Every structure is written in structure tokens, then in C-alpha cells.
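None of these values were measured; they are calculated from a predicted model. We name chains A, B, ... by the order of the sequence lines, and we start the count at 1 in each one. Atom set for the values below is all heavy atoms of this structure, side chains included, hydrogens, waters and symmetry mates excluded.
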Amino acid sequence: MKTDYSYIVEDLLNWYSENKRILPWREKPDPYYIWVSEIMLQQTRVEAVKGYFSRFISAFPTIKALSEAPEEQLLKLWEGLGYYNRVRNMQKAAQTIVADYNGSLPADYTALLKLSGIGSYTAGAIASIAFKMPVPAVDGNVLRVTKRLSGSYDDITQPKVKKELETDLLAVMPGNRSGDFNQALMDLGATICIPNGKPLCDACPLAKFCIAFQQNITSDLPVRPSKKSRRLENRTILVLEYQDKFAIMKRPSKGLLAGLWEFPNLDGHLSIEKTEGLLKEYRIFSYSMELLGSAKHIFSHVEWHMLGYRIKLFSLEHEIWDGMIWASKKDLQYTFTLPTAFSAYTKQIIAEKEQHTKC
DNA sequence: AAGGCGGGGGT
DNA sequence: ACCCCAGCCTT
């Protein structure tokens, strides 16, 4: 079903000229900056990205610098932002750009789309904002705004629905201000036609065109089927300490939190007795143990209920687990990337006063 | 087409 | 609790 959006263009652009948000990546129209911001913004709110963007650009001022970065440093700069494959894909794309495009992003929608981590939304955003090409950039904001405008009950999780909208918007892209048009839809979605709570239709420049507003059905749109429920996992976290260093291990290279570091942890909630038994199996006899209490972390599709033990070793004669390393407090702060899931335990360590074994 | 993949803020 | 966020990749 085709929908005509030509009637919104002028009012939307006028509204954007007066009301656009001031954002760090809007200060200089460098395609590299636009790209970094768009990757960070995938499924992530503007407010969360602000603190990461400038630090990342300072650390890697050019695509070449990004292409050569050590993975550990990349992940550390991404720590807490989530969806860590985004930054690995971005580096892979940076290497392609250095090899195939002389270190500059191609001003070509199809070429952008082929780069790792760039889908139809991000290709459209870079092409229109950085290169002024007349292509749409359809994200969650744009889907919400347009489905309310047209009063459509389409399921916006269907790829077909997004493709149709891209076609409809392509037909009305303003040739001279395509980037502004795309960003206007997103700013409107983020500040007026908001996702949670009542939209601010009184302040909306498009209310006079909006079917959802006229029919008072904004709270029903857009339509998105409810998500699958999460599965619960109980885990036991071992904060092993020896001479002011802490045991950490690298997670597998695939799956949840791939390649990040973590405290040794086990499936299920282990009692004190079970944990003592486990330590005996590993031939650890000289230690003190303290119950750290529980912590919860919610991912989109899993929920961890964690129980922690702080175990201070008084002697260490042998390896405990393959691949385990001992990290100082500074290493935990500045070098290794630990997911936020463990923050209840890491924060406690970082906050402790420096221990002085001497004197 | 469906599911995996983080973390946080709003209601 | 449940919602969704400047989505993309793999299966």
C-alpha cells in the first residue's frame, strides 16, 4: 500500500530549522564523525552516546587510526555501550575503507551498504547527512512518526513494512536538504512524537496532517507485536584475590558479551559449602571467604541472578583455570573491558582503599 | 522470517 | 514489570 508523504516536507523542514537539537556530531559534517555517531546510536539513546562519541574520536581521529587500533583498546572505549560487535564490525569496515577506498567513506549508498555493520538505515543516514544524497534513513523514530501520520496499523517489525516506507520516502526526498529531512523526522520522533508516554501533539508541526492525532489513536500506534519473554539464569561469581590482584577470564569469541573479560563464574547458585568443596577440588586450601550478596542484571533476552563470593588467597602454587589472568585494580579500570553486568562487584573493588601489605 | 545481541531510562 | 531506543548479523 503506497502512502504519499509529499505534504509534510515543507513544514517538517521549517520546524527542523528552528528546533533541531545541538549534538556533538552535528558540529562538523565529517563523514567519519557521522559514521561513528550512527553506529553508536544503533538501538542506543542520544543521551547515552554523548559521553562516548568525543572520547572515541579523540582516540581514533581518522579511519586509518581506527583500522589499526588494538581490539582491547576499542572494546575499552565501547565499555558500557553494549552490542559490542558494533565496534568490531566498524573496525572491519575501516580496514575495507583503507584498502578499497583510500581511507575515505565512499559517497555511494550501495557501496556503504556493503560495509560491515552498515545496513539500510545507516547507509541512508551517512549518504544523506554526510554526502547530501537523496535517500531515506528509516529507523524506529521514522517508523513511529509516519505510521501515526498515516494512521497505519502495519506491524513495523516486518521487513516488508520498512522497505515500503523507504520506497514511499525516497519518492519525496527534498533534493537539497535530504539529510535535514531525515534528521527532522528523527528529531521529531525523539522530542515530540515520543515512544514512551503521550506525544506532545500540541507542539507538533505535522498535527494538522496526522490521522492518529485526529482520531485520538496515537497510543495504539505504531503496532509492534510483544517480545518473547526472557529466560532466567542463576550464576555464582567468584571474586578471587591474591596479592592485590583479581582473577579474570576472557569470554568466548562468540555469543553474549563475546571477547569481554569477566570474573570466574559458575552455573547456578552455589552454597558456601559447595563453594568450599569446589576450592578443595582445585587444591586451594589457604584462603578466606566472604559472601558478597546478590546482584541482578537484565539483558534483552536473558536475566542473570548472581551470587558473589570474595575469596582471598593466602598462597598460590599452581594455575586454577586455563586462560585465567591476574589483573590489578588499575588494569580493571583502564585496560580490560568488563561488561556492566558485573559492575556491582567491580565497583566495590575499585572503591576500596588501596591495600598496603607493607608496614 | 526469526532470534541473538547491552544497557539504560521512562512509565 | 514492561516499554523501546538514530539496527545489524546470522541462521
Side-chain angles (χ1 to χ4, degrees), chain A residues 20-21 23-26 33-53 75 78-90 92-93 112-130 136-145 155-163 166 179 181-191 193-199 219 222-232 251-260 296-304 337-344:
Chain A
K20 70 174 177 183
R21 289 176 288 177
L23 301 171
W25 45 92
R26 285 181 177 171
Y33 295 177
I34 306 297
W35 176 34
V36 171
S37 72
E38 291 302 342
I39 300 299
M40 287 185 171
L41 286 162
Q42 288 170 1
Q43 291 292 284
T44 309
R45 292 172 179 278
V46 164
E47 286 309 313
V49 169
K50 281 182 178 171
Y52 287 85
F53 174 77
L75 289 172
W78 212 265
E79 184 177 55
L81 206 48
Y83 288 142
Y84 297 91
N85 269 338
R86 287 185 292 178
V87 71
R88 282 189 271 250
N89 284 333
M90 191 162 58
K92 199 185 299 176
L112 288 168
L113 199 51
K114 286 182 185 154
L115 293 169
S116 181
I118 296 185
S120 71
Y121 162 75
T122 306
I126 297 171
S128 64
I129 300 170
V138 174
D139 71 335
N141 287 308
V142 178
L143 281 161
R144 184 173 58 260
V145 169
D155 172 0
I156 63 166
T157 65
Q158 295 291 317
K160 185 183 70 176
V161 169
K162 183 173 164 183
K163 285 197 191 92
E166 286 168 346
F181 178 73
N182 288 333
Q183 293 180 90
L185 283 171
M186 293 189 270
D187 274 25
L188 190 71
T191 62
C193 197
I194 53 178
N196 297 313
K198 235 179 123 52
S219 60
V223 173
R224 184 199 307 260
S226 61
K227 306 202 159 99
K228 243 187 50 179
S229 60
R230 282 187 288 271
R231 72 174 181 276
L232 264 57
R251 291 178 61 85
S253 60
K254 291 194 172 182
L256 185 66
L257 304 169
L260 274 66
K296 183 168 75 169
H297 188 80
I298 299 172
F299 301 92
S300 29
H301 56 296
V302 196
E303 188 168 326
W304 280 358
T337 307
L338 277 79
T340 306
F342 297 99
S343 64

J.: For B:dG4, take OP1 and OP2 only and decide whether either is under 4.0 Å from a side-chain N or O of A:Lys228.
T.: yes

J.: Rounded to whole angstroms, how far apart are CD on A:Glu38 and P on C:dA6?
T.: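 Going from A:Glu38 (CD) to C:dA6 (P), I get 11 Å.
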
J.: Enumerate all atom pairs, one protein N or O and one N or O from nucleotides 9-11 of chain C, separated by less than 3.5 Å.
T.:
from: C:dC9; atom 1: OP1; to: A:Gly117; atom 2: N; distance (Å): 2.6

J.: Once Watson-Crick and G-U wobble pairs under 3.5 Å are found, how is DNA chain B written in dot-bracket notation, 5' to 3', with | for any base paired to another strand?
T.: |||||.|||||

J.: Does the distance from a Lys or Arg side-chain N to an Asp or Glu carboxylate O, for A:Asp187 and A:Arg21, drop under 4.0 Å?
T.: yes

J.: Is it the case that atom NZ in A:Lys162 sees more than 12 heavy atoms from other parts of the structure closer than 6.0 Å?
T.: yes

J.: Between A:Arg144 and C:dC4, does any side-chain N or O lie under 4.0 Å from OP1 or OP2?
T.: no

J.: Before you tell me yes or no, could you show the steps for A:Tyr121 and A:Glu38 under side-chain contact (heavy atoms from CB on, under 4.5 Å), namely the whole-Å CA-CA distance, both residues' side-chain angles and the distance that decides it to 0.1 Å?
T.: CA-CA 9 Å; A:Tyr121 162 75; A:Glu38 291 302 342; 2.7 Å; yes

J.: If you apply the rule side-chain contact (heavy atoms from CB on, under 4.5 Å), what do you find for A:Leu75 with A:Arg88, and how did you get there?
T.: CA-CA 8 Å; A:Leu75 289 172; A:Arg88 282 189 271 250; 3.8 Å; yes

J.: For the residue pair A:Val46 and A:Leu23, establish whether any side-chain heavy-atom pair is separated by less than 4.5 Å.
T.: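 With C-beta onward as the side chain, the pair touches.
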
J.: Between A:Trp78 and A:Tyr52, does a ring pair (Phe, Tyr, Trp, His ring centres under 6.0 Å) hold up when you go through it step by step?
T.: CA-CA 7 Å; A:Trp78 212 265; A:Tyr52 287 85; 7.4 Å; no

J.: Is the shortest side-chain heavy-atom distance between A:Gln183 and A:Lys20 below 4.5 Å?
T.: no

J.: Using the C1' atom as the reference point in each nucleotide, state the distance between B:dA1 and C:dC5 in Å, no decimals.
T.: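 The answer is 22 Å between these two C1' atoms.
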
J.: Please confirm whether the ring centroid of A:His297 lies under 6.0 Å from the ring centroid of A:Phe299.
T.: yes

J.: Is there side-chain contact between A:Lys296 and A:Ile298, with at least one heavy-atom pair below 4.5 Å?
T.: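 A side-chain contact under 4.5 Å exists here.
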
J.: Nearest whole Å is fine: how far is C:dC5 P from A:Arg21 CZ?
T.: 13 Å

J.: Can you tell me how far P in B:dG4 sits from the matching atom in C:dA6, rounded to whole Å?
T.: 24 Å

J.: Across the strands shown, which category fits A:Trp78 at heavy-atom distances under 4.0 angstrom: base, sugar-phosphate, nothing?
T.: nothing

J.: Would you measure the distance from the P atom in C:dC8 across to the matching atom in B:dG8 and give it in whole Å?
T.: 22 Å

J.: Phosphate oxygens OP1/OP2 of B:dG3: is one of them under 4.0 Å from a side-chain N or O of A:Arg230?
T.: no

J.: When rounded to the nearest 0.5 angstrom, what distance separates CH2 in A:Trp35 from OG1 in A:Thr122?
T.: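 OG1 of A:Thr122 is found 11.0 Å from CH2 of A:Trp35.
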
J.: Within the pair A:Ser37 and C:dA6, is there a side-chain N or O less than 4.0 Å away from OP1 or OP2?
T.: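 Checking A:Ser37 against C:dA6: no side-chain N or O falls below 4.0 Å of OP1 or OP2.
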
J.: Would you sort out whether A:Arg86 and A:Thr44 count as a side-chain contact (heavy atoms from CB on, under 4.5 Å), showing the intermediate values?
T.: CA-CA 12 Å; A:Arg86 287 185 292 178; A:Thr44 309; 3.1 Å; yes

J.: For A:Asp187, which contact category applies under a 4.0 Å heavy-atom criterion: base, sugar-phosphate, or nothing?
T.: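 Base, at least one base heavy atom under 4.0 Å.
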
J.: Take atom CE of A:Met90 and atom P of B:dC5, then tell me their distance rounded to the nearest Å.
T.: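 Rounded to the whole Å, the gap is 21 Å.
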
J.: Yes or no on side-chain contact (heavy atoms from CB on, under 4.5 Å) for A:Gln42 and A:Tyr83, after CA distance, side-chain angles and deciding distance?
T.: CA-CA 9 Å; A:Gln42 288 170 1; A:Tyr83 288 142; over 6 Å; no

J.: Let me have a per-nucleotide readout for nucleotides 6-11 of chain B, 5' to 3', with B, S or -, counting only protein heavy atoms under 4.0 Å.
T.: BBBB--

J.: Using the P atoms only, state how far B:dC5 lies from C:dA1, rounded to an integer number of Å.
T.: 23 Å

J.: Heavy-atom nearest nucleotide on DNA chain B for A:Lys160 versus A:Arg231: which residue maps closer to 5'?
T.: A:Lys160

J.: By the 4.0 Å heavy-atom rule, please label A:Arg26 as base, sugar-phosphate, or nothing.
T.: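 Base: the residue A:Arg26, judged by heavy atoms under 4.0 Å, touches a nucleobase.
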
